[in-house]
S.K.: 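Below is one structure. I have some questions about it.
Note that the structure is predicted; figures quoted are calculated from it, not measured.
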Amino acid sequence: LTRESDEKTLYEKDIGNGIEIVKRDNSYFMIYDAGEICDRMEEIQITEDEVVLAQKSSMDAYNIIIKYQNEMMFGNSKQA
């Protein structure tokens, strides 16, 4: 699927619960509503493996979002 307003979007998948996955310039992005009272759309870059996982269930997609939110708040937990 392509977005009419963004010709560079090569792939778009609505996986439910307000979560979409798009591919632009050979990178995948998850777009989700991070707002509490009003809509606030956030976008995070994800891996191709995470694209596959996110499409399995909305809980898997949510876990990916939480992982990236934690990394943004607390730093990369994979540091030695």
S.K.: Rounded to the nearest 0.5 Å, what separation is found between the CD atom of Q69 and the CD1 atom of I64?
M.R.: 12.5 Å
S.K.: Could you grab the distance from atom OG1 of T47 to atom CE of M30, nearest 0.5 Å is fine?
M.R.: 9.5 Å
S.K.: Which distance, rounded to the nearest 0.5 Å, do you find between the CG of N63 and the CG of L53?
M.R.: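 That separation rounds to 8.0 Å.
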S.K.: Looking at CE of M41 and CG of D33, how far apart are the two atoms once the value is rounded to the nearest 0.5 Å?
M.R.: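 The CG atom of D33 is 5.5 Å from CE of M41, to the nearest 0.5 Å.
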S.K.: Does E42 form a side chain to side chain contact (heavy atoms under 4.5 Å, CB included) with M72? I'd like the steps, not just the answer.
M.R.: CA-CA 13 Å; E42 294 283 335; M72 286 186 279; 5.9 Å; no
S.K.: Between OH of Y32 and CZ of R40, what distance do you get to the nearest 0.5 Å?
M.R.: 7.5 Å
S.K.: Indicate whether any N or O donor in one side chain lies under 3.5 Å from an N or O acceptor in the other, for Y68 and E50.
M.R.: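 On atom types as modelled, these side chains qualify, holding a pair under 3.5 Å.
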S.K.: Could you give the distance from CD (E48) to NZ (K23), rounded to the nearest 0.5 Å?
M.R.: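 The CD atom of E48 sits 6.5 Å away from the NZ atom of K23.
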